[in-house]
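Here is the structure we will look at.
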2 protein chains.
Amino acid sequence: MRIGEAATRSGVSAKMIRHYESIGLLAPAARRDNSYRDFDARDVHDLTFIRRARDLGFSIEEIGRLLALWRDRDRPSREVKEIAKTHIAEMETRIARMQEMVATLSHLAECCAGDERPDCPILSGLAGEQTKAPAAASDARQPDHADQGADQR
Amino acid sequence: MRIGEAATRSGVSAKMIRHYESIGLLAPAARRDNSYRDFDARDVHDLTFIRRARDLGFSIEEIGRLLALWRDRDRPSREVKEIAKTHIAEMETRIARMQEMVATLSHLAECCAGDERPDCPILSGLAGEQTKAPAAASDARQPDHADQGADQR
DNA sequence: TATAGACCCTCCCATCATGGGAAGGTCAAG
DNA sequence: CTTGACCTTCCCATGATGGGAGGGTCTATA
């Protein structure tokens, strides 16, 4: 089948299939005489595997490792579980961090009248005037790569 | 003061200060004869405001609006609160999505022996073999921009 | 048979927030 | 006068994804 059908069946866009191939996550697809990529059920399976892993928030790098383990019939399940547990821990850390942000911001928002008057504890809080809030995650940043959720856009 | 000191005082890297200026989030900084940027306390205040907002997960676009509201002494606090509430709702959505992922993956991991044997429900789950898990967020994706937390790396 | 339209191809660019680094200018202290 | 710590601009990279240009291929239909 051609890339469009593989995309539909796996739920991975044609764009991303080509991308995964280009970064080496997938072996180069077979080609027909007209240079079109040619996919079979096994390819669709791999793509579906990748999509499910992405849906669980795994990064491309982790997915690469999972795919390798999947292909190795004799791998110890221990290795897979380790990747999963590490990933779960990372997600839980991110969740906790976001919950802190929500808590801090909610505190400020609760203190804000939200009417026509200009006084606003939210802006004051951002400006540094203490509102004795439960302290937000305040320093150091990180470009988290994987809050990737499932959604539109 | 020069950019380095402004960076230290505000907690925003020199790199990002220039970036914020270049995208118009901040007005172009004053310059000295030697073309070095020259910052004063007010600039440091704005930068600190930006950093705090980032720490609360606001996107650059939202921060731009918050800064404008901050500078407008007569804005109704209602407008600020609306931005904050929308942002809180977005973060809560992302948190919920990640919690779903963690739940699904935890279920699979719990079913996995994690020993030397090759059988692994985690890989089987990703491969599509049903494990009657509580169903993960399964389709549609979105490149969420702002799970930006505070962290090392 | 010619053509429309639905596919496919490769490339390049954009996003968002951030950092790395090159190539070069400026300044103060040794 | 050199060294080193600053600063400048400019380009590139990240990760996952989409948009689109410019062009080729195939099939159905007028």
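Order of the sequence lines fixes the chain letters, A, B, ..., with proteins taken first and strands second; residue numbering starts at 1 for each chain. Because the structure is predicted, anything quoted here is derived from the model rather than measured.
Between the Ser35(A) side chain and the Arg31(A) main chain, no donor and acceptor come within less than 3.5 Å of each other.
The nucleotide whose nearest atom lies closest to any side-chain atom of Ser59(A) is, among dA16(D), dG18(D), dG19(C), dA16(D). Of the candidate nucleotides dG18(D), dT18(C), dC9(C), dT18(C) has the atom lying nearest to any side-chain atom of Met16(B).
Using a 4.0 Å cut-off between charged nitrogen and carboxylate oxygen, Asp115(A) and Arg117(A) count as a salt-bridge pair. We find that Arg97(A) and Asp55(B) are not joined by a salt bridge, their nearest charged nitrogen and carboxylate oxygen being 4.0 Å or further apart. At a threshold of 4.0 Å, the pair Arg65(A)-Glu79(A) does not count as salt-bridged, since none of the basic side-chain nitrogens sits closer than that to a carboxylate oxygen.
For the side chain to side chain donor-acceptor pair (under 3.5 Å) test, no residue two or more places apart in sequence or in another chain qualifies with Arg32(B).
One can place CD1 of Ile63(B) at 10 Å from C1' of dA17(C), the figure rounded to the nearest angstrom. Separating the NZ atom of Lys15(B) from the P atom of dC11(D) is a distance of 13 Å, rounded to the nearest angstrom. Residue His19(A) contributes atom NE2, which lies 14 Å from atom C1' of dA14(C) at whole-angstrom precision. For the pair Glu61(B) CD and dT15(C) P, the computed distance is 14 Å after rounding to whole Å. Computed from coordinates, the Leu47(A) CG to dT17(D) P distance equals 12 Å when rounded to whole Å. The nearest whole Å value for the distance from the CG atom in Asp55(B) to the P atom in dA17(C) is 14 Å. Taking atom CZ on Arg51(B) and atom P on dT18(C), their separation rounds to 12 Å, with Å as the unit. At whole-Å resolution of the value, CZ in Arg94(B) and C1' in dC16(C) are 12 Å apart.
Remark: Arg2(A) is not in phosphate contact with dC26(D), judged by side-chain N or O atoms under 4.0 Å from OP1 or OP2. Between dT17(D) and Arg18(A), no contact under 4.0 Å exists linking OP1 or OP2 to a side-chain N or O.
The distance from the CE atom of Met1(B) to the CG atom of Asp43(B) is 7.5 Å, given to the nearest 0.5 Å.
Of the residues in residues 21-42 of chain A, those lying under 4.0 Å from DNA chain D by heavy-atom distance are Asn34(A), Tyr36(A).
Using a 30° and 60° split on the angle between ring planes, Phe58(A) and His87(A) fall in the parallel class, below 30°.
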